[in-house]
Novice: 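Have a look at the structure that comes next, please.
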Amino acid sequence: MDKYAEILAMAKRRGFLYPSFEIYGGVAGFYDYGPMGAALKRKIEDQWRKFYVLGEGFGEIMCPAVTPEEVFIASGHVKEFTDFVVECKKCQTAFRADHLIEETGLKIHQHNKETMDKMIAEAKIKCPQCGGEFAEAHPVNLMFNTKIGVGKNKNAYLRPETAQGMFLNFSSLYRHFRERLPFGAVQLGRGYRNEISPRQGLIRQREFWMAEAEIFFDPENKKHPRFAQMKDVKATLVPNTTREPVEMTLGDALSKGIVKNEALAYYIALTSKLFTTIGIDPARLRFRQHEHDEMAHYANDCWDAEAFLDKLGWVEITGIADRSAYDLSSHMKASGVDLSAMRKYDAPRTVERIAVKPKMKELGQKFKKDAGDVKKALESVDACAIGPEGIELEINGNKIFVEKELYEAAKVQETVYGERFIPHVIEPSYGIDRIFYTVMDHAFSRTKNEEGEEYTTLRLAPVVAPIKVGIFPLMCKDGLDKIAEEIEAKLRTAGIECQYDDSGSIGRRYARMDEIGTPWCITVDFDTLKDNTVTVRDRDTKEQKRVKIEALAPMFREKLGL
RNA sequence: GCGGCCGUGGUCUAGUGGUAUGACGUAAGCUUCCCAAGCUUAUUGUCCGGGUCCGAUUCCCGGCGGCCGCACCA
């Protein structure tokens with residue numbers, strides 16, 4: 001068995017992961033977290049919250065997964081998540097229609113079935129594999145489709161990312177954070193993608209957990225107020241220019257222009273620190289800049305955190321993207337709601353501008369029910385758009401001309417306190433399940449004991465270990481088990497997860513704890529009866545030392561930083 | 001989605017047209033037991049559906065799942 005298979009077998013045996021719906025044959029792309037897995041996952045999430053909510057002071061929000069269609073039309077996901085696929089009639093190989101067409105040098109102006117079929121037919125594109133004819137294109141959308149309500153219902157999708165929730169609530173969040181940038185909102189929840197063929201276990205699921213932060217910046221100032229604290233953090237960077245890994249501090253990366261702005265650099269450093277804290281091996285972690293054609297439809301720069309996994313190679317576990325103003329602009333346009341922020345001037349400014357005052361009586365007679373829209377458009381028209389004979393406007397997609405008799409244009413003086421702009425967004429987006437698997441993979445260690453048997457230890461960082469302490473009576477005799485049970489109760493009261501075990505030999509019990517990554521084990525032995533001490537055994541060094549029972553809870557709390 | 005290989009207790013595995021082997025694990029007990037010791041006892045299985053057959057875990061078909069390759073992975 002390879003290490004990947006070993007980890008999955010162990011994960012199932014020890015209660016970390018179960019294939020979902022197993023008694024009905026299972027469904028690919030879904031996993032259940034067992035008691036150990038759910039605990040480990042939650043502890044990873046807790047550390048993430050410690051960095052983003054406690055450390056950064058961001059606000060955690062929770063939004064529905066079921067999302068009406070217009071949100072994803074505006075965000076671009078309906079279009080970008082739909083691929084047209086064609087299959088060869090002869091050899092059945094499937095290709096993306098747009099890729100085939102673009103390879104011939106043609107440009108696609110409309111992403112629909114008719115255009116794709118027509119272009120493939122006209123360009124006489126044949127199967128690159130066998131030269132066969134293609135069948136008609138069919139759409140493949142990666143979002144789960146559903147309906148809201150019965151009868152007159154509304155099209156909806158399960159969200160493929162949690163980010164949209166932060167954008168939709170931008171105005172409320174902006175007010176919540178007292179209208180000062182930068183601020184961040186975060187969300188930890190499930191996302192859904194109807195993958196065509198999910199494989200590789202937790203790495204590509206159809207329902208998965210993500211932890212996303214959207215930090216809103218003034219585009220003129222993508223500086224991070226606490227960058228000084230991060231400038232000496234080292235990370236392995238792979239820029240898209242050289243494509244060579246280099247280890248350097250984020251301060252250097254920024255001054256050399258490898259990372260474009262302070263905000264991106266800050267979150268690369270923060271991610272590196274978070275991952276080290278939860279036990280990801282820095283030697284198997286790198287940050288790779290996306291190639292220009294690799295970037296998502298919304299991103300203008302992106303660095304992926306990639307972890308090296310046994311068998312799978314380098315796998316993306318986090319994306320840190322500069323989404324610029326893409327999302328807020330799109331939603332502003334689609335919803336008609338203002339999602340801008342205000343950049344206040346140090347002192348109010350007096351400006352002179354030409355204001356257009358519509359004459360409503362004439363306007364009403366000419367434009368009837370459109371008059372209201374015309375009035376709005378006139379009032380916000382730019383001075384340079386005013387022609388000698390009138391103003392050309394676009395109302396609901398129609399070009400109209402407003403003669404100069406229908407309004408008055410006059411210079412006015414106004415006090416302006418600032419200017420409005422659409423904030424830019426830096427988005428660190430963490431794939432929790434992938435991080436979970438990385439933590440398992442990097443902690444998993446196999447050695448041979450003296451008898452040459454394979455021995456598994458999960459070297460989890462104590463902060464994320466599901467069980468912190470195993471408690472064993474050496475034997476169930478002379479009240480040793482009673483004492484052990486009392487210690488268990490005491491540690492639980494002190495907030496330390498522990499597990500009592502009196503089954504099998506002492507070595508077997510250590511082995512069980514080692515396999516689920518428990519960092520410490522306590523053994524109550526016959527000396528305990530004499531001097532009230534127990535042995536505390538360390539998972540990684542296997543060293544034992546005697547500790548007074550009363551000293552146990554404070555000692556573990558200190559080790560765990562509680 | 002397509003093609004290839006595969007599917008036996010919780011895990012790994014033997015084997016078979018006549019209800020299935022072993023190991024590990026797990027549980028109870030014995031053993032002053034500190035790194036999967038030993039002994040006794042218990043425990044659970046042929047992925048699902050259909051077909052052929054007196055009889056299918058085995059042969060055939062379909063589904064589901066896994067692995068590999070192609071495609072996909074904003």
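Lettering of chains follows the sequences in order, A, B, ..., and the numbering in each one begins at 1.
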Novice: Is any side-chain nitrogen or oxygen of A/Lys311 closer than 4.0 Å to OP1 or OP2 of B/rC68?
Specialist: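 It does, given that an N or O in the side chain of A/Lys311 lies less than 4.0 Å from OP1 or OP2 of B/rC68.
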Novice: Using only side-chain N and O atoms of A/Lys542, determine if any of them is under 4.0 Å from OP1 or OP2 of B/rC35.
Specialist: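 The answer is no; no side-chain N or O of A/Lys542 sits under 4.0 Å from OP1 or OP2.
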Novice: Please determine whether any donor N or O and acceptor N or O are separated by less than 3.5 Å between the side chain of A/Arg199 and the base of B/rC67.
Specialist: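 By the distance-only test, no, there is no pair.
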Novice: Check the side chains of A/Tyr52 and A/Tyr430 for a donor-acceptor pair under 3.5 angstrom, ignoring hydrogens and angles.
Specialist: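 A donor-acceptor contact under 3.5 Å links the two side chains.
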Novice: For the residue pair A/Asp441 and A/Tyr4, confirm or rule out a side-chain donor-acceptor distance under 3.5 Å.
Specialist: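 Side-chain D/A pair, A/Asp441 to A/Tyr4: absent.
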Novice: Parallel under 30°, tilted from 30 to 60°, perpendicular over 60°: which one fits the rings of A/Phe30 and A/Phe21?
Specialist: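 Correct class here is perpendicular.
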Novice: Let's see if you get this right: which residues in residues 501-520 of chain A place a heavy atom under 4.0 Å from RNA chain B?
Specialist: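 Heavy-atom cutoff 4.0 Å gives A/Ser503, A/Gly504, A/Ser505, A/Ile506, A/Gly507, A/Arg508, A/Arg509, A/Tyr510, A/Ala511, A/Arg512.
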Novice: When the P atoms of B/rU57 and B/rG50 are considered, how many whole Å apart are they?
Specialist: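 The same atom, P, in both gives a distance of 12 Å.
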Novice: For A/Asp525, report the nucleic acid contact type (base, sugar-phosphate, nothing); a contact means any heavy atom under 4.0 Å.
Specialist: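 Since a base atom lies under 4.0 Å of A/Asp525, the category is base.
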Novice: Indicate yes or no for a side-chain donor-acceptor contact from A/Thr67 to the backbone of A/Ala65 under 3.5 Å, with no hydrogens or angles considered.
Specialist: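 Flag set: sc A/Thr67 to bb A/Ala65 pair under 3.5 Å.
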Novice: Measure distances between side-chain N and O atoms of A/Glu195 and base N and O atoms of B/rC73, and say whether any donor-acceptor pair falls under 3.5 Å.
Specialist: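 Under the 3.5 Å cut-off, the side chain and the base do not form any donor-acceptor pair.
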Novice: Would you kindly give the CD-to-P distance between A/Glu316 and B/rC72, to the nearest whole Å?
Specialist: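 In whole Å, B/rC72 P lies 17 Å from A/Glu316 CD.
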Novice: Taking for each residue the nucleotide of RNA chain B bearing the nearest heavy atom, is the 5' side occupied by A/Arg14 or by A/Gln200?
Specialist: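 Final value for this comparison: A/Arg14.
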Novice: Record whether the side chain of A/Arg13 comes under 3.5 Å of the base of B/rC12 through a donor-acceptor pair of N or O atoms.
Specialist: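 When only heavy-atom distances are counted, A/Arg13 does not reach the base of B/rC12 through any donor-acceptor pair under 3.5 Å.
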Novice: Do A/Asp525 and A/Thr523 get their side chains close enough for a donor-acceptor pair, meaning under 3.5 Å?
Specialist: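 No pair is found: no donor N or O on one side chain lies under 3.5 Å from an acceptor on the other.
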Novice: Heavy atoms only, 4.0 Å cut-off, all strands: where does A/Glu22 land among base, sugar-phosphate and nothing?
Specialist: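 Result for A/Glu22 = nothing.
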Novice: Let me know the distance between CD1 of A/Ile7 and C1' of B/rC67, rounded to the nearest Å.
Specialist: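 Between C1' of B/rC67 and CD1 of A/Ile7: 17 Å.
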Novice: Any side-chain donor paired with an acceptor under 3.5 Å for A/Thr535 and A/Arg546?
Specialist: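 Judged by distance alone, the side chains do not pair up.
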Novice: Could one point to a donor on the side chain of A/Thr535 or the base of B/rC34 with an acceptor on the other under 3.5 Å away?
Specialist: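 It does, because a donor-acceptor pair links the side chain of A/Thr535 to the base of B/rC34 below 3.5 Å.
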Novice: Would you say the side-chain atoms of A/Tyr455 and A/Asp514 include a donor-acceptor pair closer than 3.5 Å?
Specialist: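 Per modelled atom types, A/Tyr455 and A/Asp514 side chains form a pair under 3.5 Å.
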